[in-house]
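These numbers were taken from a predicted model, which means no experiment stands behind them. Along the sequence shown, residues carry numbers from 1.
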Amino acid sequence: MEIDANQMLQQAEEDSDVEDFYFDDVAAKELREFVKQWNAKYAKSYYSWNDKVVIMLPPEYQKERVND
């Protein structure tokens, strides 16, 4: 899983109550570079709960849960 800086910027602009709101190129570039570095370091270990997406694993990749 990786964070998408472009989606973050777009969502912030859409959610803004300010008319003609936008991030300047320098700020957007800085955020994209930070997120790129963060993704390289943490993306594979980051976890975020999302009950709208389900990933079905084949039985051979499933482990038995300890508390079942």
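With hydrophobic clusters built from ILVMFWY side chains whose heavy atoms lie under 4.5 angstrom apart, Val26 does not share a cluster with Phe21.
Between Asp24 and Ala27, the shortest heavy-atom distance links the atoms OD1-N, 2.7 Å.
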Name the atoms and distances for all side-chain donor-acceptor pairs under 3.5 Å in residues 29-36, with sequence neighbours left out.
{"unit_1": "Arg32", "atom_1": "NE", "unit_2": "Asn6", "atom_2": "OD1", "d": "2.4"}
{"unit_1": "Arg32", "atom_1": "NH2", "unit_2": "Asn6", "atom_2": "OD1", "d": "3.1"}
{"unit_1": "Glu33", "atom_1": "OE2", "unit_2": "Gln37", "atom_2": "NE2", "d": "3.1"}

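Environment of CD in Gln7: sparse, with no more than 12 heavy atoms of neighbouring residues, nucleotides or ligands closer than 6.0 Å. For CD of Glu19, the number of neighbouring non-hydrogen atoms (other residues, nucleotides, ligands) closer than 6.0 Å is 12 at most. Within 6.0 Å of the CG atom in Asp25, the count of heavy atoms belonging to other residues, nucleotides or ligands does not exceed 12.
Put simply, CG on Asp4 and CD on Gln11 are 11.0 Å apart, with the number rounded to the nearest 0.5 Å.
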